[in-house]
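Order of the sequence lines fixes the chain letters, A, B, ..., with proteins taken first and strands second; residue numbering starts at 1 for each chain. Computed from a predicted structure; not experimentally measured.
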2 protein chains.
Amino acid sequence: MVALDGIPVRDCTYCCGRTKSICNAIEEKDLPRLLAASSRLHLPSGRIFIEEGESAQAFYVIAEGRAKLFNLFSDGRRQISGFVATGDFLGLAASERYAFSAEALGDIKLCRFAYETMDHLTEQFPHLQKRLRAEASRELVKMQARLVLLGRKSARERLASFFIEQACCSEDGLEEALNQRKNLSIPPVISLFLPMSRSDIADYLGLTIETVSRTLKIFKAEGLIKIQDVKTVTLLNTVRLKFISEGNN
Amino acid sequence: MVALDGIPVRDCTYCCGRTKSICNAIEEKDLPRLLAASSRLHLPSGRIFIEEGESAQAFYVIAEGRAKLFNLFSDGRRQISGFVATGDFLGLAASERYAFSAEALGDIKLCRFAYETMDHLTEQFPHLQKRLRAEASRELVKMQARLVLLGRKSARERLASFFIEQACCSEDGLEEALNQRKNLSIPPVISLFLPMSRSDIADYLGLTIETVSRTLKIFKAEGLIKIQDVKTVTLLNTVRLKFISEGNN
DNA sequence: CGTAGGCTTGAGTTCCCTCAACCGGAGTGG
DNA sequence: CCACTCCGGTTGAGGGAACTCAAGCCTACG
C-alpha cells in the first residue's frame, strides 16, 4: 500500500494518540512488542486506504490527522458513516470484508495491525481482546445515536447534533457538562475547525449541501454560531444547540 | 426482574438458539458451567426488559422469540434500531448505560449473563471474549447498512431492503445466493411472518405508517409481494426486490 | 486576469408527512 | 346473536421540509 516511513518503533504516540486508543490495554514494558507488530503509514490527503467490500486484513489506529468513512451507491449517492481523528480505531466493522471505505482528510499517519499478528498479541495480552470489545461497544453506542439522527431528526436538529458532537470531540469533559446541565463549567464559546467539506457534512447527515448551507445561514442569523471562515465555526450558544439537537426547539 | 422459570440448566438451546450465539465459543463439557452462570427469564409480550439510560448490568441472549430495540424522544418520536430473534445477542451497545430500550415482541425466553460473572467466564474461556468481539463486529456491519438505509434510501428502497433483510434472517443461505446472483438456488417465493406492527416497521425504517402502507400497496400492485394477512407477506420476486433495495430502480 | 471548484442563494418541484376519515376484525356486554 | 367500541391498518386530500436545478459568488491558483 505505502512504504513505512521510518518513525522509531518506540514512539508510542504512533498508536496511542489518546486514552481511548489501545495501548493503555497493556503494560508500558510490553509496548515495544505491540509496536513491533504494527506498521506505520503516512498518507496524503484524499488517499483511500480502505475500500468497502475489500477483504479485511487489518485494524488501523489513527496516529495523527483525520479520516472519513463512507459507503457508495452505484448511482453516486454516498453515506458518510463517520469521521475519525487521532487515537480512533478503525476496522472493527468488518467480518470477512470491510463494511466501509476510508479516505484521509488531510495528511494522516496510521498505525496498521494485521489481523493475524493481532491474534497472536491478544493471546499474549488478554486485556487487549477485552479492549477491542470495549472499543466495539463504544462504536455501537455512537452508531445507535446516528440511527436516531438519520431516522428521526430534522435538518436543523441534525446540524445542531453535528456541532455538539464535533465540540465534544475537541473539548474534553464537554459532553458530561452538557448532559448534567452544569452550565457553569461549559465554555461560553467554542471554536471548531472542520476539515471536511460541506458535501462531506451533507453526506454525513443524510442531507444535501444546499440544505446544510441554508441551515447554517439560519443558525448564523439566530446568533447560535459565527462562521469565521468556511472551515472554522464558532459555537456561540452550546447549551441552546444541545437543546435543539435533542428536538426541544 | 422476573423469577427464573426452572428450565433445567443443561438445556443448551436456552442460550444457543443458533450458531451465531455464544455457546459455540466453548467446549461441550464446559457448557454447564456457562449455563450455571446465567439466569433464565420468561417474559410476556410487550414487556420492556432493558431501558435506555439504565445502568448496564448484563448481556442477554434471546433463547426463543423476538424483541425490538428502540430509542425514544421526549416528544414521542421513536427510532427502532433493530429486531432480534432466537440466538441473537443483546447488550453490547452499552458502555456505562444501555444505549437503547428493548421490548418483547410476543412471549420470549431470555438467557441473562451479568457482566461480572461474564468477566469471570471470559477469564476461564478466552475464546468467549473473542466471540463477543466478533458478535460486536457483526453488529457494526449491520449498523453500517442501516445508516445507508436511513440516510440515503427512498421509502421504496427501504421497504425492499426490509423484506430482503427479513427473508435473509429466515432463510439460511439466501443472502449469499442473492449476492452472487446465483438465481437458480434462490427459492422463487418466500413467505415471511412479521410479528411487528406497521408502526414498528415505520419506526424501524424512519418512515410513517401511512407511507409504509402505501408503499406495500404499490409493491402488491406490481406483483412483487402478496399480503396473506396483515402479518404474513409472501415475496414473489426476491431478486427484483433485492435489486430495488440497492437503488437500481 | 482568467479559470476552476466549492459554497451560497433563489425558484420550483417532489416525496413524504400530516391530518382526517374510513374500514374491518377482535373483544365486550346486553 | 347483534350492537358497540376499540384499535390497528388503509385510503385520501393537502401541505411542507428538503430536494433539484440553475445561476451567481468567492477564494485559490496558475
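- Ranking D:dT10, D:dA18, C:dC16 by closeness to the B:S213 side chain, first place goes to D:dT10.
- Of the residues listed (A:E165, A:R158, A:R78), the one engaging A:Y204 in a side-chain hydrogen bond (donor to acceptor under 3.5 Å, both in side chains) is A:E165, and it is the only one.
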- [ ] Would you check, one step at a time, whether the test side-chain contact (heavy atoms from CB on, under 4.5 Å) holds for B:L194 with B:F83?
- [x] CA-CA 11 Å; B:L194 306 173; B:F83 297 107; over 6 Å; no
Task: Criterion side-chain contact (heavy atoms from CB on, under 4.5 Å) on B:L159 and B:L207, from CA distance to verdict - done: CA-CA 10 Å; B:L159 258 304; B:L207 302 169; 3.7 Å; yes
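- Using a 4.0 Å heavy-atom criterion, one finds that B:L207 contacts the sugar-phosphate atoms exclusively.
- Between B:I227 atom CD1 and C:dG24 atom C1' there is a gap of 15 Å when expressed in whole angstrom units.
- The side chain of A:K217 has C:dT9 as its nearest neighbour among D:dG9, C:dT9, D:dA18.
- Of all nucleotides listed (C:dT18, C:dG10, C:dC16), C:dC16 comes nearest to the side chain of B:T211.
- Considering only side-chain N and O atoms, B:T208 lies nowhere under 4.0 angstrom from the phosphate OP1 or OP2 of C:dC16.
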Using nucleotides 21-30 of chain D, report all nitrogen or oxygen pairs with the protein that are shorter than 3.5 Å.
| residue | atom | partner | partner atom | Å |
| --- | --- | --- | --- | --- |
| D:dC21 | N4 | A:E210 | OE2 | 2.9 |

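- Ion pair B:D203/A:R152 flagged as a salt bridge, since at least one NZ, NE, NH1 or NH2 atom sits closer than 4.0 Å to an Asp/Glu carboxylate oxygen.
- In this structure, B:R158 atom CZ and C:dC15 atom P are separated by 14 Å, rounded to whole Å.
- Counting to the nearest Å, the C1' atom of C:dT18 and the CG atom of B:D75 are 15 Å from each other.
- Atom CZ of A:F219 is separated from atom P of C:dT8 by 14 Å (rounded to the nearest Å).
- For the pair B:K231 NZ and D:dG9 P, the computed distance is 6 Å after rounding to whole Å.
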- [ ] Tell me, with the steps shown, if A:K242 and A:E246 meet salt bridge (charged side-chain N to carboxylate O under 4.0 Å, His left out).
- [x] CA-CA 7 Å; A:K242 171 79 173 170; A:E246 288 165 344; 3.4 Å; yes
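- Rounded to an integer number of Å, the gap from B:I209 CD1 to D:dT10 C1' is 9 Å.
- Following rounding to the nearest Å, B:D229 (CG) and C:dC23 (C1') show an atom-to-atom distance of 17 Å.
- Relative to the ring axis of A:F219, A:R156 does not place its NZ or CZ within 45° and under 6.0 Å from the centre.
- The backbone N or O of A:E51 sits nowhere less than 3.5 Å from a side-chain atom of A:S101 that would complete a donor-acceptor pair.
- At whole-Å resolution of the value, CG in B:L194 and P in D:dG9 are 11 Å apart.
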